[in-house]
Student: 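Quick one: the structure is below, and I'll ask about it shortly.
Whatever order the structure lists them in is the order used to number ligands and atoms, beginning at 1. On a predicted model such as this, the values are computed, not experimentally measured, just so you know.
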Amino acid sequence: MGSQTRSTPGDFPRSLADVATDMDILQALSDYEQAALSALQDATSATDLEQVRIEFLGKKQGRLKDLQTLLGKVSAEDRPAIGKRFNAVKDGVTTALEARQQELAKPKRLASAIDVTVPGTSPRLGKIHPLTQTFAEFKDLMARFGFEVVDGPELEDERHNFEALNIPDDHPARDPLENFYLSAACLGNGEPTLLRSQTSTVQIRVMEGRQPPIRIVSVGRVYRPDTIDATHSCMFHQMEGLMVGPDVTMAGLKTVLRLFASAYLGGDVHVRFRPSFFPFTEPSVEVDVWWRDRWLELGGAGMVDPNVLQAVGYDPEQVSGFAFGLGIERFCMMRHGITDIRRFYENDVRFLEQF
Ligand code: FA5
């Protein structure tokens, strides 16, 4: 750079009108660059950025245009170097403008959008379905009365759902219209044949597999093509109970059921045993509970029929037994004041989150 164009370091021009030497022009370019980059950084919106663009890069009257005019004053010797510097500054500011435009267009980062110092609430966790809660409570209560909890299959054969329960071939309960039989295509080797219509099937499976004394409960799904209404569903749950031993009596059955009902529903619950008929118990009763000014049937029960004991190889002279099957949904409805069984299966979160 020629000596005639030097100016004293630190002696920077205040305005472009003061620019006289090549060094002054270089300094003006640096001042411009610094000011433009800092203005771009300070811009916080697209409107701000546009103002900065017009001021520093505007083609008609921007500050770059003024600098370009000054290039005419540069000595021939320094022109290539200063011209190169001018282009570099222009490109740098243009690139910085584009980068800032993209940055401001991006959605705000979560960390800066959320004030992490605001006191938080605990996360909303899911809840256990009211029926699932009821299954656990039923099993827990019966375990405390000394009953072992067992499971049985939902797909059953006719022997366990009917024959071994003393339900003959011509019994109306076996009518295809009263059950969900599997179509021939599903059967494979011929078994199983239907979705179980009652958990009493588990009585047979347990008695077939072991000797008295027996004291079990089983909780599970059952299926019936019943007309759906406020207290009936075509899939619902039952808890089956079975006790077999040398001295099992009807009085024992009534005591267990009363104790269970008052443990689950409250001490003042009003239970009634109404004479009834089931092919697999003799005598048989329906278990009703007083609810909303009427009796609601919650289950069936009775002394295990000697034919059933014999069918599994027990001697009815040596042992007796009682059995019961309770509708779990109806118990749960009564406890929580739920007036329609369909609520359990609708998956309405407003209902489910109340339990
Ligand atoms: C039986 O299922 C017998 N297995 C009960 C039994 C077991 C009797 C052991 C004797 C010895 P029942 O069909 O009445 O009985 O059904 C028992 C209970 O299931 C009913 O009292 C009711 O609470 C419930 N229940 C029956 N059908 C439905 C349905 N469609 N929807 C909801 N709950 C039902």
Side-chain angles (χ1 to χ4, degrees), residues 131 134 138 142 147 152 154 156 160-162 164-167 171-175 177-180 194-207 214-244 248 250 252-254 256-257 260-261 264-265 271-289 291 294-309 320-335 338-345:
L131 283 178
T134 311
F138 270 38
M142 293 309 293
F147 285 73
E154 287 177 31
E156 267 296 6
H160 290 92
N161 205 85
F162 302 121
L165 285 164
N166 206 27
I167 303 174
H171 195 282
R174 295 178 72 152
D175 191 312
L177 293 175
E178 299 293 323
N179 294 283
F180 287 113
L194 77 161
L195 293 171
R196 68 179 175 190
S197 61
Q198 50 184 344
T199 45
S200 298
T201 51
V202 185
Q203 290 182 36
I204 304 302
R205 290 196 172 270
V206 169
M207 288 192 285
I214 287 172
R215 208 180 333 180
I216 59 99
V217 285
S218 187
V219 166
R221 281 193 199 118
V222 298
Y223 304 84
R224 292 181 195 177
D226 287 353
T227 304
I228 297 171
D229 62 21
T231 53
H232 291 83
S233 167
C234 52
M235 184 284 296
F236 58 100
H237 298 80
Q238 290 186 334
M239 178 171 76
E240 193 76 12
L242 172 71
M243 181 164 173
V244 184
V248 177
M250 190 79 186
L253 168 66
K254 290 171 75 174
V256 167
L257 288 176
F260 174 77
Y264 181 74
L265 294 173
V271 184
R272 153 178 109 169
F273 297 96
R274 177 165 44 89
S276 186
F277 173 79
F278 294 100
F280 38 95
T281 47
E282 180 58 36
S284 302
V285 290
E286 305 269 13
V287 186
D288 299 336
V289 171
W291 188 56
R294 68 182 180 108
W295 291 105
L296 181 66
E297 180 200 309
L298 292 190
M303 297 302 294
V304 182
D305 193 291
N307 287 341
V308 174
L309 295 174
S320 56
F322 68 62
F324 56 85
L326 308 176
I328 299 182
E329 277 82 349
R330 294 198 190 166
F331 263 91
C332 186
M333 287 167 74
M334 194 169 281
R335 158 110 157 239
I338 299 162
T339 49
D340 197 317
I341 197 169
R342 287 166 286 205
R343 296 268 174 270
F344 290 123
Y345 319 116

Student: Please check if the number of heavy atoms outside R342 that lie under 6.0 Å from its CZ is greater than 12.
Tutor: yes

Student: Please answer whether the main-chain N or O of N161 pairs with a side-chain N or O of R196 as donor and acceptor at a distance below 3.5 Å.
Tutor: no

Student: Does ligand 1 have a heavy atom under 4.0 Å from the side chain of Q198, from its backbone, from both, or from neither?
Tutor: side chain

Student: How far is atom 20 (C) of ligand 1 from the closest protein heavy atom, and which atom is that?
Tutor: E297 OE2, 3.2 Å

Student: Should you measure from each heavy atom of G327, which atoms of ligand 1 turn up under 4.0 Å away?
Tutor: 18 (C), 19 (O), 23 (O), 24 (C)

Student: Report the part of E329 in contact with ligand 1, treating N, CA, C, O as backbone and CB onward as side chain, heavy atoms under 4.0 Å; options are side chain, backbone, both, neither.
Tutor: neither

Student: Of all the atoms in ligand 1, which lie at a distance below 4.0 Å from a heavy atom belonging to T281?
Tutor: 10 (C), 11 (C)

Student: Looking only at N/O atoms, are D226 and ligand 1 under 3.5 Å apart anywhere?
Tutor: yes

Student: Counting distance only, does the side-chain N/O of Q238 pair as donor-acceptor with the main-chain N or O of T199 below 3.5 Å?
Tutor: yes

Student: Relative to ligand 1, is H232 under 4.0 angstrom through side chain, backbone, both or neither, heavy atoms considered?
Tutor: both

Student: Any idea which atoms of ligand 1 are less than 4.0 Å away from a heavy-atom of Q203?
Tutor: 9 (C)

Student: Could you check whether the rings of F322 and F147 sit parallel, tilted or perpendicular, using 30° and 60° as the cut-offs?
Tutor: tilted

Student: To the closest 0.5 Å, what do you measure between CE (M239) and CG (L326)?
Tutor: 5.0 Å

Student: I'd like to know whether the aromatic ring centres of F260 and F331 sit less than 6.0 Å apart in this structure.
Tutor: yes

Student: Mind checking whether T231 has a heavy atom under 4.0 Å from ligand 1?
Tutor: yes

Student: Do any nitrogen or oxygen atoms of Q238 come within less than 3.5 Å of a nitrogen or oxygen of ligand 1?
Tutor: yes

Student: Would you name the heavy atoms of S197 and N179 that are closest together and state the gap between them?
Tutor: CB-OD1, 3.5 Å

Student: Can you find an N or O of G299 that's nearer than 3.5 Å to an N or O of ligand 1?
Tutor: yes

Student: F331: heavy atom below 4.0 Å from ligand 1, yes or no?
Tutor: no

Student: May I ask which of R224, R196, M239 has a heavy atom nearer to atom 1 (C) of ligand 1 than the others do?
Tutor: R224

Student: Can you tell me how far the CZ atom of F324 sits from the CG atom of L298, to the nearest 0.5 Å?
Tutor: 12.5 Å

Student: Among H160, Q203, H171, find the residue that satisfies the side chain to side chain contact (heavy atoms under 4.5 Å, CB included) test when tested with L165.
Tutor: Q203

Student: Once rounded to the nearest 0.5 Å, what's the spacing between atom CD of E178 and atom CG of L194?
Tutor: 12.5 Å

Student: Between L298 and ligand 1, which part of the residue brings a heavy atom under 4.0 Å of the ligand: side chain, backbone, both or neither?
Tutor: backbone

Student: Do E240 and S200 have a side chain donor and acceptor closer than 3.5 Å?
Tutor: yes

Student: Heavy-atom contacts under 4.0 Å between A301 and ligand 1: side chain, backbone, both, or neither?
Tutor: backbone

Student: If you measure from each non-hydrogen atom of F280 to ligand 1, which part falls under 4.0 Å: side chain, backbone, both or neither?
Tutor: side chain

Student: Compute the minimum heavy-atom distance from I341 to ligand 1 and say whether it is under 4.0 Å.
Tutor: yes

